[in-house]
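Note sheet for the following structure.
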Amino acid sequence: RVSNKNRNKMKSTTIKRIDSTNNIKAVSSSSTAPPTKMNTSDKNNNSNSVPTANNAAAPNQVNVVHTPSDFLVDDSLTSFDRVVKYTDSTIALQRVVHVRLLAEAVRDEHSKQCYVRCSDSSSGEGENLSCIDAARRILKDLVPKLCNDEYSVVRQTLPLQLKEVAVFCLEVCKDQDNDDGRMFVLKDLVGQIGKIFLKNDTEVDVRRAASEALSDLSKHLMPDEVNEYLLTFPLSIISYNQVKENNFEQTMSEPSEDLKTFAVVLLGTLCGRLRGLHVRAMIPYIFEICSEKSIKLLSACAIALPRIFNNISERDDEDYVEDEDECQNYRSQILSLFFDLLKSSESIPCQKICAESLEVFDPSKSTSFENSLIVREKLVEMLVYLLRQGFDVVKPIAFYRVGPCCNSLCSAPGDHIFIKGLIKRDVLPFFLDASLGKEDQQFHCAYNLPGVLQCLGRDYWADDIRPCFFNVLYKAKPSDTDDGIFCESKNIRRICALCLYDLSTILGQNIFAY
């Protein structure tokens with residue numbers, strides 16, 4: 001006998017099934033009960049529910065209900081075959097996991113092939129570069145589907161994995177002197193990463209990943225290869241309205257602001273790997289971008305300009321005789337343009353990027369001491385402007401980088417008396433004021449003291465640097481009869497303790513003389 005309570009519970013238990021018209025109907029667990037229609041309120045509630053494995057992810061779309069066995073992975077397959085199989089899976093989680101194993105699968109496949117050749121060299125089986133064959137299969141079978149995957153995580157991971165595959169293939173081709181394999185990597189693999197970068201993807205992170213992949217890949221290429229195979233991608237976006245003969249413009253729409261921003265930053269990074277002659281050819285495009293009113297583009301120019309500045313000269317090519325006056329003219333234009341971006345009164349983010357990028361400038365790139373002195377004087381002027389007239393949000397960022405900036409100013413060979421005089425007159429007063437200021441100001445002051453002392457020299461310790469250090473470290477300064485009282489902040493005492501080693505190293509063995 002079944003009680004009424006249990007009988008009612010059985011009647012309320014339903015099983016959902018999808019009929020040929022894609023409408024979800026509720027069927028009673030009893031075989032004799034007729035189908036019941038879903039209420040309007042229940043239908044509305046079901047349409048607003050969170051997409052799971054058992055409900056519809058979108059209107060008029062039938063969602064496949066997976067069983068636990070569908071999530072199992074076939075371990076009998078090789079790592080590469082598993083990647084090929086499960087990157088084409090209907091389960092998004094399997095695609096996300098296995099797309100991150102592309103580079104590892106290619107390495108395993110190549111290692112296995114090398115082991116077979118070494119163990120039985122007379123068999124003649126296998127190719128000399130199985131990694132190239134694996135990369136060809138990835139480009140042919142996997143990349144077209146993964147580029148259009150509905151999940152942005154898959155599309156974002158793909159260019160980073162292709163970069164790892166390209167780097168591994170380049171190393172193998174270099175060891176085996178395989179020029180054909182290297183050309184395949186440069187034309188096909190690198191070209192596919194560039195296509196992902198140029199693709200008008202709705203997710204910004206996808207283009208960011210492609211830009212990072214191209215930037216990291218440039219470290220493994222020769223300067224001429226960077227100019228021929230990588231520079232085309234950012235230049236085709238930057239020069240969209242200037243150069244009409246570009247091959248990519250036939251299939252490329254008007255680039256968005258975000259895509260231009262990534263292109264400018266990528267161009268600045270690639271210029272660090274180019275020859276000076278090629279870098280100077282890129283300067284007019286950057287100047288054209290700097291005339292834009294977009295804050296994002298101006299901030300991107302602030303990142304790119306110092307890197308272009310550092311690589312204008314053609315020092316690595318002895319056969320090429322460069323015009324130093326032309327190079328110095330470009331340097332002066334870049335510094336003036338960077339100063340204009342820095343003084344922009346309408347953009348706090350742009351001035352913040354300028355404060356962070358100021359230490360990237362390398363004055364030692366100038367071949368003559370006179371030109372180097374002009375560059376360093378201009379850099380000191382920009383640093384002082386940030387400390388005095390910068391936004392309140394930007395001043396701590398600039399002050400935090402005073403030490404590295406001052407150290408780079410005196411890193412070039414030659415006499416630095418004039419620069420040291422400028423730093424003592426214009427920069428050291430900020431340290432004295434900060435040593436008596438709030439806790440965050442004192443922290444930045446103590447952090448930058450070793451860099452300033454390294455720039456000025458040990459002769460400036462007793463009268464200029466030591467008073468600032470004691471103001472930060474002591475609440476009550478020591479005397480001949482009293483040891484003094486340290487400051488209460490543990491962060492200040494910790495940074496001062498860390499600075500003691502650097503300060504003593506700079507002062508040398510005769511530390512008591514200073």
Side-chain angles (χ1 to χ4, degrees), residues 53 63-176 178 180-193 195-196 199 206 209-210 213 216-217 220:
N63 196 10
V64 180
V65 179
H66 297 286
T67 62
S69 60
D70 295 333
F71 292 90
L72 298 179
V73 177
D74 188 1
D75 292 335
S76 63
L77 299 175
T78 63
S79 58
F80 184 77
D81 291 336
R82 282 199 305 270
V83 168
V84 173
K85 178 179 178 180
Y86 291 107
T87 50
D88 194 24
S89 173
T90 58
I91 302 175
L93 180 61
Q94 290 183 343
R95 298 199 304 273
V96 171
V97 171
H98 285 85
V99 74
R100 297 178 178 178
L101 301 176
L102 278 176
E104 182 180 353
V106 172
R107 296 190 191 98
D108 292 343
E109 189 76 7
H110 180 75
S111 300
K112 181 185 67 175
Q113 193 71 14
C114 290
Y115 176 77
V116 171
R117 292 201 315 270
C118 294
S119 60
D120 187 10
S121 59
S122 61
S123 62
E125 297 179 356
E127 297 291 339
N128 292 333
L129 287 175
S130 61
C131 63
I132 299 296
D133 296 332
R136 286 194 176 99
R137 186 175 179 184
I138 289 175
L139 288 181
K140 180 181 178 181
D141 299 336
L142 305 184
V143 170
K145 292 175 290 188
L146 295 176
C147 284
N148 298 316
D149 196 277
E150 59 179 333
Y151 287 94
S152 62
V153 179
V154 177
R155 304 195 305 271
Q156 178 182 348
T157 309
L158 180 60
L160 299 177
Q161 288 297 311
L162 290 179
K163 182 260 300 184
E164 295 294 335
V165 173
V167 171
F168 178 73
C169 292
L170 287 174
E171 293 175 355
V172 173
C173 293
K174 182 179 180 181
D175 295 338
Q176 300 186 2
N178 189 304
D180 294 336
R182 189 177 185 87
M183 291 304 299
F184 163 76
V185 173
L186 294 176
K187 290 184 177 180
D188 297 338
L189 272 179
V190 176
Q192 182 59 51
I193 300 175
K195 291 179 181 178
I196 298 176
K199 185 179 179 181
V206 177
D216 295 340
L217 193 58
H220 303 273

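Fair warning: this is a prediction, and the values are worked out from it, not measured in the lab.
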Could you grab the distance from atom [atom1] of [X] to atom [atom2] of [Y], nearest 0.5 Å is fine?
X	Y	atom1	atom2	value
Ile193	Leu217	CD1	CG	5.5 Å
Thr157	Leu102	OG1	CG	9.5 Å
Gln176	Ile132	CD	CD1	9.0 Å
Leu158	Leu142	CG	CG	9.0 Å
His220	Lys174	NE2	NZ	10.5 Å
Thr78	Lys85	OG1	NZ	11.5 Å

side-chain hydrogen bond (donor to acceptor under 3.5 Å, both in side chains) involving [X] - partner list, sequence neighbours excluded:
X	answer
Lys199	Asn148
Asp74	Ser76
Asp141	none
Lys145	Asp88

Looking only at non-hydrogen atoms, find the nearest pair between [X] and [Y] and report the distance.
X	Y	value
Leu160	Ala209	CD2-O, 3.5 Å
Ala135	Cys169	CB-SG, 4.4 Å
Val106	Cys131	CG1-CB, 3.9 Å
Arg82	Leu77	NH1-O, 2.8 Å

*Applying the side-chain contact (heavy atoms from CB on, under 4.5 Å) test to Arg100, which of Val154, Val83, Val153 qualifies?*
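Single pass found, and it is Val153.
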*Could you tell me whether Arg107 and Glu171 make a salt bridge, using a distance below 4.0 angstrom between a side-chain N and a carboxylate O?*
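No, no charged N to carboxylate O under 4.0 Å.
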*Name all residues meeting the ring pair (Phe, Tyr, Trp, His ring centres under 6.0 Å) criterion together with Tyr86; count only those two or more places apart in sequence or in a different chain, and write none if there are none.*
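For Tyr86 the ring pair (Phe, Tyr, Trp, His ring centres under 6.0 Å) partners, ignoring immediate neighbours, are His98.
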*asked:* Contact between Val73 and Val97 at the side-chain level, heavy atoms closer than 4.5 Å - yes or no?
replied: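 Sidechains of Val97 and Val73: no contact.
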*With respect to Arg95, which candidate in Thr87, Thr90, Asp149 satisfies the side chain to side chain donor-acceptor pair (under 3.5 Å) definition?*
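When Thr87, Thr90, Asp149 are each tested with Arg95, the side chain to side chain donor-acceptor pair (under 3.5 Å) holds only for Asp149.
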*Please list all pairs passing the ring pair (Phe, Tyr, Trp, His ring centres under 6.0 Å) test where one or both residues lie in residues 138-172, with sequence neighbours left out.*
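Listed by first then second residue: His110-Phe168.
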